[in-house]
Amino acid sequence: MQNSLFANVAELPRDPILGLTEAFVADKNPGRVNLGVGVYQDESGKTPLLACVRLAEENLLAKAAPHSYVPIDGLGGFNSAITRMVFADSADFAHVATAQALGGTGALKLGAELLKVISPGAKIWISDPSWENHRALFSAAGFAVETYPYYGADGELDFSGLIAALEKIPAGDVVLLHACCHNPTGLDLSQEQWRRIAKIVRKRGLTPFLDTAYLGFAKGLDADAFSVRLFAEDGRPVLVSFSFSKSMSLYGERVGALSVLTASSAERGRVLSQLKRIARVTYSSPPSHGAAAAALVLADPALRTQWVDELARMRLRIKAMRTALAANLSERLPNRDFSYITRQNGMFSYSRLTAPQAIALREKYAVYALDSGRICVAALNGKNIDFVSECIAKVMTEV
C-alpha cells in the first residue's frame, strides 16, 4: 500500500495564545479563568455586542441588500472613513493608499507582502517582547526579523536601550512600532518619547510601520493616534495597520485595514495596485458585513457619538480592573510594589509572573496566563478579581 502523502508531515506546537485557550476549554474546573486570550469581556464575563454596532446592523438588514462581492481593496466608504479617522489632518488623503483587510493580522500580512515587493533586502525590527504573530508574519513573508529592546530587567520600559538600538539600525530597514497599548507589556511611550523616536527613524532613513490594533483603549481615539499623525506630518512613507476587532468588538467579522502614506497621488495609485494584487492572490476580496457596519458607525453622527461613549466605557472598565488588581495584590503582599500595573495601558499587563509561577497558576488554580506572565486585564471582573488576586499572590510567594 502506498504511503499517505501526509505520512511524514510534522505536527507543529500549539499557538502560545490560542493553544492556551484550547487547554482552558478542555479544563473541567467550573471556576477556571482565562487571562490569556486577547478579547475584551464586560462585567458579566461576556464579549459584548456594542449597541452602535447592533443599530448599524439593523440598518443594513433593513436594506436587504444582496451579498455581492466587494472590490478587491474593500468597501470604499470603509477605507475613506478609516483614513480620515486615523490620519485626521496630518496627511493628504490623496496620498494615502488604504485597503480593507482581514482584521489586524490581515493588515499586517498585506504590509509584509508589500514590503517584500518593494524592499526585499530590508530587515524587520520588532520590540522585545512583541505580539508573537509579528515575528511569524514577517518571517513567513521571507524577512529576517530582529528585535530592539523594550522591556527592561526592572520590569519597566527600556527607553535608553530602545534609542540606542534605533541609532544602529541600517537605513532602509523597517521598524514595527505599537502605536498604543503595547502588546504584551502594556507599557506605552510618552509623546516626548515618540517625538525622539520619530526624529531618529526619519534621520536614519528607516521605514516606520505602526500597528494600531488597540486605538482608543489607552487614552482615547485622538490621543492614541498621536504617533501615526506625528510620522505622517512630514509626508514621508509610513505604513499603518488597523483593526476594529477590539474597539468595536467585531472579532469574528475580521474588520481591519492597511494604510500606506505615499509621496504623491500617482505613487498612491501604484502602491494600491500592488496591494490589490496581493489581496487578489490571497483571498480575492474581503468580507463585507462587518466593514459595512463599521463604516456606518463612523459615518452616522449619532452612531459615531454612541461608539465613542461605548469605547470610553470599555477603556474605563479596564482601568478600574487594573486599579483593583494592584490594590488587591498590595493588600495580600504589602511588601511588594504593584503600582506598575496601573502605569500600563490597554487590555494586557506584564504581571511579572515568572514562567514557573504562570504554570503553577494554571495547574493549581485553573487560572490561565501565558508563560511570559502576560495577562488580559479585560478578562477580570467583580466576580473573579478577588479569586484571581488571591491565586496570583499565592504563586508569587510559593513558587
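For the numbers below, each heavy atom of this structure counts, side chains included, while hydrogens, waters and symmetry mates do not. This chain uses plain numbering: 1 for the first residue, then up along the sequence.
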Mind checking the [atom1]-[atom2] spacing from [X] to [Y]? Nearest 0.5 Å is all I need.
X      : Y      : atom1 : atom2 : answer
Leu261 : Leu210 : CG    : CG    : 11.0 Å
Ser330 : Arg336 : OG    : CZ    : 11.0 Å
Tyr365 : Glu390 : OH    : CD    : 8.0 Å
Glu398 : Gln357 : CD    : CD    : 10.0 Å
Ile385 : Leu329 : CD1   : CG    : 8.5 Å
Tyr251 : Thr47  : OH    : OG1   : 6.0 Å

Any cation-pi pair here, Arg32 with Tyr368, using under 6.0 Å and within 45°?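 Judged by the rule (NZ or CZ under 6.0 Å from the ring centre, within 45° of its axis), Arg32 is not positioned above Tyr368.
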Would you find more than 12 non-hydrogen atoms of other residues, nucleotides or ligands less than 6.0 Å from [X] atom [atom1]?
X      : atom1 : result
Arg280 : CZ    : no
Asp154 : CG    : yes
Asp89  : CG    : no

With a 4.5 Å limit on heavy-atom distance, are the side chains of [X] and [Y] in contact?
X      : Y      : answer
Leu221 : Trp307 : yes
Leu325 : Ser389 : yes
Ser227 : Leu189 : no
Ile392 : Val388 : yes
Leu108 : Thr105 : no
Asp224 : Asn345 : no
Tyr350 : Pro129 : yes
Arg270 : Thr262 : no

Of the non-hydrogen atoms in [X] and [Y], which two are nearest, and what is the gap between them?
X      : Y      : result
Arg315 : Phe217 : CG-O, 3.4 Å
Arg374 : Ala369 : O-CB, 3.9 Å
Cys180 : Ala218 : CB-CB, 4.2 Å
Tyr151 : Asp158 : C-CB, 4.3 Å
Gly31  : Phe387 : O-CE2, 3.8 Å
Leu206 : Pro170 : CD2-O, 3.1 Å

Are [Y] and [X] connected in a single hydrophobic cluster, I mean Ile/Leu/Val/Met/Phe/Trp/Tyr linked by side-chain heavy atoms less than 4.5 Å apart?
X      : Y      : value
Phe226 : Leu215 : yes
Val9   : Leu5   : yes
Val367 : Ile359 : no
Ile72  : Val117 : no
Leu166 : Leu187 : yes

Using modelled atom types only, decide if a donor and an acceptor are shared between the side chain of [X] and the backbone of [Y] within a distance under 3.5 Å.
X      : Y      : answer
Asp128 : Pro149 : no
Ser351 : Gly373 : yes
Ser249 : Lys246 : no
Arg332 : Asn328 : yes
Ser90  : Phe87  : yes
Gln274 : Leu114 : no
Asn384 : Asn381 : yes
Arg268 : Val96  : yes
Asp27  : Ala366 : no
Lys123 : Gly172 : no

Determine the sole option in Leu115, Leu258, Leu239 for which the side-chain contact (heavy atoms from CB on, under 4.5 Å) test with Leu110 is passed.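 In the set Leu115, Leu258, Leu239, the residue that makes a side-chain contact (heavy atoms from CB on, under 4.5 Å) with Leu110 is Leu258.
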Thr207 and its side-chain contact (heavy atoms from CB on, under 4.5 Å) partner, picked from Val175, Ile118, Val174: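 That would be Val174; it is the only one of Val175, Ile118, Val174 passing the side-chain contact (heavy atoms from CB on, under 4.5 Å) with Thr207.
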Could you tell me whether [X] and [Y] make a salt bridge, using a distance below 4.0 angstrom between a side-chain N and a carboxylate O?
X      : Y      : result
Lys116 : Glu113 : no
Arg229 : Glu233 : no
Asp371 : Arg362 : yes

side-chain contact (heavy atoms from CB on, under 4.5 Å) for Phe159 and Arg196? Distances and angles first, verdict last. CA-CA 10 Å; Phe159 187 66; Arg196 189 171 175 189; 3.8 Å; yes
Please evaluate residues Glu57 and His289 with respect to the criterion side-chain hydrogen bond (donor to acceptor under 3.5 Å, both in side chains), reporting the C-alpha separation (whole Å), side-chain torsions for both, the decisive distance (0.1 Å), and the verdict. CA-CA 8 Å; Glu57 290 181 319; His289 180 76; 2.9 Å; yes
Should the pair Tyr148 and Tyr150 be assigned to parallel (<30°), tilted (30 to 60°) or perpendicular (>60°) ring geometry?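 It falls in the perpendicular class, over 60°.
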Hey, what's the ring geometry for His182 with His178, parallel, tilted or perpendicular (30° and 60° as the breaks)?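 Ring orientation, 0 to 90° scale: tilted.
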With side-chain contact (heavy atoms from CB on, under 4.5 Å) as the criterion, how do Glu167 and Lys203 come out once you've worked through the C-alpha distance, each side chain's angles and the decisive distance to 0.1 Å? CA-CA 9 Å; Glu167 292 279 14; Lys203 179 186 70 174; 3.6 Å; yes
Walk me through whether Glu192 and Lys199 qualify under salt bridge (charged side-chain N to carboxylate O under 4.0 Å, His left out). CA-CA 11 Å; Glu192 184 54 40; Lys199 185 176 181 180; over 6 Å; no
Under the side-chain contact (heavy atoms from CB on, under 4.5 Å) rule, what do Gln344 and Thr185 come out as? Steps first, then yes or no, please. CA-CA 7 Å; Gln344 299 165 352; Thr185 69; 5.9 Å; no
Is there a side-chain contact (heavy atoms from CB on, under 4.5 Å) between Phe231 and Val240? Walk through the geometry before answering. CA-CA 10 Å; Phe231 276 105; Val240 182; over 6 Å; no
